[in-house]
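Down below is the structure, laid out as structure tokens.
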Amino acid sequence: MNFAQRRSLWEKDLPRRLVTAPGSIQENTMNLKHTFVPAAAAAVLAMLISLPVSAQPTPQQATQAYPAKHSNYGQTLAQKANLSNKTKAKVSKAAVKKAPVNIVSPKDLESALEMLDKALLLVKTEAREKAKPGKITNCAFDAMTLFMEDNKLTSDFFKQIDVEATPEEANKALRSQFVKAATTYPQLMKDQMLTMAALKGIMRATDDPYTVYMTPDEYKNLNEQMSGGNFGGIGIVMGLSGDEKDPADSRVLVINKVMEKGPAARVGLRNNDEITHISGKSTYGMNLLQCSKLLRGEAGSTVKLTIRRPSSGHVFDVSLTREVIHVDTLKHEVIEQDGVKVGYLALGIFGESTNSEMEEAVRDLEEQGCQAYIIDVRNNSGGYVSAAVDVCSKFIKTGSRIVSIVDGANHEQIIYSRPNLHSSKKPLVVLINGNSASASEITAGAIRDLKRGELVGVKSFGKGSVQKLYPYQFPANKTSAFKITTAHYHTPAGHDIHKAGLKPDIEVKMEDELILERDKDTQLKKALEIVTSNAKTQQEAMPNQEEEGYKADTPLLVNSIFDELPYIEGALSGSTYTITKRIMDIKGENIIDNVIVKSVD
């Protein structure tokens, strides 16, 4: 693969350009502005700074060096050369004072080299997908070459090395050529832009689209999504069509999910709509961060979108007013069908607040008398593994195997469910589709493998890899991070679903855009049909008698809630039971927990 072919693979990840022509200013992909001195002027200023007055170029030399484009600059030098020695000295001091320092700060260079070393170490020791040292260095060279070419700078000194080079040879080549680039074009070290290009290249060497270097803006954006942060937006979840390795200009910005009651929903936008332009700017070739910056803005401001609807081919413009958007990780409601109350739980993401939101929702649904549940993870791209375990723990018996995490050396870490404070017997269905990934698949896989419920919909995405975040203070006063695939997760039955996905127990094909239209959502209708039937069957099988609870004569003192459930399960060993009611009360320094259970033996 030559560089021209490799180039297309980098374009979506790297900053597009710092300058379009010498001396111009343009906002780059990280929303930072950089002013550069014209190349010729910078060269002369460097001479003025580094050489004594006697060694400065003569007016004729300056004019000859830059005869046309910089003739005015050459004339300025000629005028200065005719000044008195005293005036010339003042001019030289002024030039030194006003001109940008055309050298790289040793501190910045040291910080950059340290980050390169950290990236190399992480790929070597943490990444599940390994890469040869020579390939890593060459990928870093490719990334820096593209970055410099986009800035109209020569990058001929980035020479590819042998892929079979030793780690020492590869590291030496990377460091030496990086230092040469940084010292030749010190303006590229502004905010460590050249370094960040190299870091993205190092991560790309693993050929794993989920192993990436995240710039400060990208890392901040990720944290906002995971924490359910508030921001001015239009209420959509978006993605890029096609495969991660497709050329950037062939991928289309697609609406994966329209948030109910948000600006996008109110103007009639649908799932799978394509956004071709944002405020007149084409989205082709943009990455998600660039698109996100254009879509977000101050609440109350407007943004114009050009939309293409694939189902009809219709292209139209729409104006939206941005609002403060809070990304709720969960919505819940009671759906009553054929006399059965079904608790519907729609998870948007497995984030920091998912556990508390799910606990509050399940308690509310229990209080309303729900007899069955539906967990909807359609269009849920995942999140934290711990959040998936928390969700499963609400519906599965305490101590059940939820997921195992297997690294590249086949070391296995098994994660078990946490104490279950709710019924683990009520009928349950999980809704999945082609956008259900990662933590969504952990949840769905555990519930099916443990025979706790059924899966309805279409095959899931198939992202069975686990990423870890490694944040660092870089550049100065900012935080960026490496997101690295360290392992694959396996379902309780030992299935690695990476790139395979989960096939539903009952397949129901449907256009994703119909998910928001309750009367046309055939997948949800099928799930309701299943849990309603199962709930009725379960009710008929239960003995017709008053609920009986177990009353403790003497309170049992435990250190924490994690110590409590094993006592309950031990006391009821050999019987089938469900927890029907739980009341907590604070008395003094103690929390009194009154748990009522029912045996169904």
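We number each residue from 1, following the sequence as shown. Atoms considered below: every heavy atom in the structure, side chains included; atoms not considered: hydrogens, waters and symmetry mates.
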So does Glu360 have more than 12 non-hydrogen atoms from other groups sitting under 6.0 Å from CD?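 Open: at most 12 neighbouring heavy atoms sit under 6.0 Å from CD of Glu360.
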
Near Lys118 NZ, under 6.0 Å, is it more than 12 heavy atoms from other residues, nucleotides or ligands?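 Counting neighbours around NZ of Lys118, more than 12 heavy atoms of other residues, nucleotides or ligands fall under 6.0 Å, so yes.
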
Looking at [X] and [Y], what are the two nearest heavy atoms and their distance?
X      : Y      : answer
Val334 : Cys370 : CG2-SG, 3.7 Å
Ala535 : Ala372 : CB-CB, 4.4 Å
Gly235 : Ala264 : O-CB, 4.0 Å
Phe395 : Leu345 : CZ-CD1, 3.7 Å
Ile202 : Val123 : CG2-CG2, 4.0 Å
Ala205 : Ala131 : O-CB, 3.5 Å

Check ion pair [X]-[Y] (N to O, under 4.0 angstrom):
X      : Y      : value
Glu511 : Arg270 : no
Asp142 : Arg204 : no
Glu218 : Lys483 : no
Arg363 : Glu359 : yes
Glu333 : Arg518 : yes

Answer yes or no: is there a side-chain heavy-atom contact under 4.5 Å between [X] and [Y]?
X      : Y      : result
Met358 : Asp390 : no
Leu305 : Leu269 : yes
Leu120 : Leu174 : yes
Val389 : Tyr416 : no
Val252 : Tyr284 : yes
Tyr210 : Lys463 : yes
Met214 : Leu469 : yes
Ile447 : Ile396 : yes

Under the 3.5 angstrom rule, does the side chain of [X] hit a backbone N or O of [Y] as a donor-acceptor pair?
X      : Y      : result
Asp449 : Ala493 : yes
Thr532 : Val340 : no
Asn272 : Arg309 : no
Thr491 : His495 : yes
Glu441 : Gly462 : yes
Thr443 : Ala439 : yes
Thr485 : Gln467 : no
Ser440 : Asn380 : yes
Thr137 : Gly134 : no
Thr125 : Leu121 : yes

CA sep, side-chain torsions, deciding dist, call: Asn435, Lys257, side-chain contact (heavy atoms from CB on, under 4.5 Å): CA-CA 10 Å; Asn435 294 319; Lys257 183 176 182 179; over 6 Å; no

Could you measure the distance from the [atom1] atom of [X] to the [atom2] atom of [Y]? Nearest 0.5 Å is fine.
X      : Y      : atom1 : atom2 : answer
Leu431 : Glu454 : CG    : CD    : 11.5 Å
Asp496 : Tyr489 : CG    : OH    : 9.0 Å
Gln290 : Leu253 : CD    : CG    : 11.0 Å
Lys124 : Lys130 : NZ    : NZ    : 9.5 Å
Asn379 : Asn256 : CG    : CG    : 6.5 Å
Gln337 : Ser533 : CD    : OG    : 10.5 Å

Could you go through the side-chain contact (heavy atoms from CB on, under 4.5 Å) check for Glu529 and Asp338 one step at a time? CA-CA 9 Å; Glu529 176 188 322; Asp338 296 335; over 6 Å; no

What class does the angle between the rings of Tyr213 and Phe482 fall in, given that below 30° is parallel, 30 to 60° is tilted and above 60° is perpendicular?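 Geometry flag for Phe482 against Tyr213: tilted rings.
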
Whether the Asn221 and Arg296 side chains hold a donor-acceptor pair (N or O, under 3.5 Å, no angle test) is what I'd like checked.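 Present: a donor and an acceptor within the cut-off.
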
For Thr537 and Asn534, which I'm curious about, is there any donor-acceptor pair between the side chains at under 3.5 Å?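 No.
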
Determine whether Arg418 and Asn355 satisfy the following criterion, side chain to side chain donor-acceptor pair (under 3.5 Å), listing intermediate values before the conclusion. CA-CA 11 Å; Arg418 301 183 173 100; Asn355 183 36; over 6 Å; no

Taking it one step at a time, do Ser417 and Ser400 satisfy side-chain contact (heavy atoms from CB on, under 4.5 Å)? CA-CA 5 Å; Ser417 64; Ser400 300; 3.7 Å; yes

Take Arg128 and Asp208 through the test salt bridge (charged side-chain N to carboxylate O under 4.0 Å, His left out) and record every step on the way to the result. CA-CA 9 Å; Arg128 190 179 192 278; Asp208 173 19; over 6 Å; no

As a quick check of understanding, evaluate side-chain contact (heavy atoms from CB on, under 4.5 Å) for Glu412 and Val406, giving each step before the final call. CA-CA 5 Å; Glu412 184 179 51; Val406 183; 4.2 Å; yes

